[in-house]
Structure formats: structure tokens, C-alpha cells
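Below is one structure, written out as C-alpha cells, with a few remarks after it.
Quick caveat, the model's predicted, so the values are computed rather than measured. Note on naming: letters A, B, ... go to the chains in the order of the sequence lines (proteins, then strands), and numbering restarts at 1 for each one. Every heavy atom of this structure was used, including side-chain atoms; hydrogens, water molecules and symmetry mates were not.
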Amino acid sequence: MAEKKSIKQSYSQKEHSFFQDVFDVVIQIPKGRVTTYGAIAKFLGTKMSARMVGWAMNASHTSSLKIPAQRVVNRNGVLTGKSHFATPTLMEELLKKDGLSVKNDTVVDFKTVLWDPAIELSL
DNA sequence: CGTGTGACCGGCG
DNA sequence: ACGCCGGCCACAC
């Protein structure tokens, strides 16, 4: 409500964009952990619009920062965005380098390695 | 300024 | 259990 005004001000003062928010969260994902689009969306307040998060990731390549997009999967732990990487296997390779196990385009023990910003960053 | 699109999610048949 | 459908918000054309 009132916060909306502040947000709008931020938009005017800085080049703040939805992408920047998403990137900021994704970058904070610890190595060996993954999160979901919905979790990020919820953390940002747009819980019902997890699509925006995914779309923001699509623009990750526009950012000069390194966005570990491989650590962001859908609620099933499936590497839905792997097709958007340079190569279809790149996402899986990156996750394996993080020490995770990927089988059939799905993160093994996904629920165990799940890193929810709404919880972890809320401590 | 209107319309379409999207790396999703939750609910319902 | 599986499949389909609507919703939701930001950004590009």
C-alpha cells in the first residue's frame, strides 16, 4: 500500500527493475543449493507470478553479473530452463559442479537442497 | 497506448 | 494419478 509509493520512488531514482531484484536473490543462493521460481516470487511479493521470475532469468544474460540461473528450478526440481542455456546440458553440468546430483533433468534430493529465500533471508 | 508473451503455480475435471 | 486451464505481472513491439 504505502510501500508502493516508496517503490515507485525507487524506480524513479534508480534504474531499479524487477530483474535486478531477482538477480540479487539468485546471486545469494549458496553453492550446492537450489531454489524455485515460486519461492523467489513469493519473497519478492509477487508470489502468484512466478513466471516473472523465470522471465527475469531469461534476461539474466543482459546483466553483466554472473547469474547462477542453474540454481533456479521449478517446483518439481526439474531443470525447466536448461533449454535456455548455451547448451542443453550446460545447466546440468553447472549443478553437478556445485556438488549436486542431477538425474533425468531433475535435481536429486531437490527438497533437501532447497534454499528458500523467504526463510533463509528472513532469519 | 493496446496486445502478446513467458525458464511457472495451483486448482479442478 | 494425470491432464488441462486460468491467473498473474513486467517488459517488448
### Task
List for me each residue that meets side-chain contact (heavy atoms from CB on, under 4.5 Å) alongside A/Leu94, sequence neighbours excluded, and say none if there are none.
A/Gln70, A/Phe85, A/Leu90
### Query
Hey, can you pull the residues of residues 57-66 of chain A with a non-hydrogen atom under 4.0 angstrom from DNA chain B?
A/Met57, A/Asn58, A/Ser60
### Query
Between A/Ser49 and C/dA10, is there a side-chain N or O to OP1/OP2 distance below 4.0 Å?
no
### Touch class at under 4.0 angstrom, heavy-atom based, for A/Phe85 against every strand present
base
### Whole-Å gap separating C1' (B/dA7) and CG (A/Leu95)
13 Å
### Task
Look up atom CD in A/Gln28 and atom CD1 in A/Ile40, then write down how far apart they are to the nearest 0.5 Å.
10.5 Å
Nucleotide N/O of nucleotides 9-13 of chain B paired with protein N/O under 3.5 Å:
residue: B/dC9; atom: OP1; partner: A/Arg75; partner atom: N; Å: 3.2
residue: B/dC9; atom: OP2; partner: A/Arg75; partner atom: N; Å: 3.1
residue: B/dG10; atom: OP2; partner: A/Arg75; partner atom: NH1; Å: 3.4
residue: B/dG10; atom: N7; partner: A/Arg75; partner atom: NH1; Å: 3.0

Indicate every side-chain donor-acceptor pair of residues 42-68 of chain A with a distance under 3.5 Å to a residue at least two apart or in another chain.
residue: A/Ser60; atom: OG; partner: A/Met57; partner atom: O; Å: 2.5
residue: A/Thr62; atom: OG1; partner: A/Ala59; partner atom: O; Å: 2.3
residue: A/Ser63; atom: OG; partner: A/Leu65; partner atom: N; Å: 3.2

### Message
Nearest whole Å is fine: how far is C/dA12 P from A/Phe18 CZ?
### Response
14 Å
### Residue pairs, two or more places apart or on separate chains, that pass side-chain hydrogen bond (donor to acceptor under 3.5 Å, both in side chains) and touch residues 86-97 of chain A
A/Glu92-A/Lys96
### Task
Sort and list the pairs that fulfil salt bridge (charged side-chain N to carboxylate O under 4.0 Å, His left out) and have at least one residue in residues 103-123 of chain A, not counting sequence neighbours.
A/Lys82-A/Asp105
### Task
Indicate, with a heavy-atom threshold strictly under 4.0 Å, whether A/Ala69 touches base, sugar-phosphate, or nothing.
base
### Summary
Distance col, row A/Leu121:CG vs A/Asp24:CG, nearest 0.5 angstrom, shows 9.0 Å
### Message
Which residues in residues 98-117 of chain A have a heavy atom closer than 4.0 Å to any atom of DNA chain B?
### Response
none
### Task
Could you tell me whether a side-chain N or O of A/Asn74 sits under 3.5 Å from a main-chain N or O of A/Asn76, the two making a donor and an acceptor?
yes
### Query
Can you tell which of A/Val102, A/Val72, A/Val73, A/Thr80 makes a side-chain contact (heavy atoms from CB on, under 4.5 Å) with A/Met91?
A/Val73
### Message
Any side-chain to backbone donor/acceptor pair from A/Arg33 onto A/Trp115? Under 3.5 Å, distance only.
### Response
no
#### Entry: Residues forming a side-chain contact (heavy atoms from CB on, under 4.5 Å) with A/Pro88, sequence neighbours excluded
none
## Note on the structure
Across all chains, not counting sequence neighbours, the side-chain contact (heavy atoms from CB on, under 4.5 Å) partners of A/Thr36 are A/Ala39, A/Phe110, A/Leu114
### A/Trp55 CH2 to B/dT5 C1', straight-line distance once rounded to whole Å
7 Å
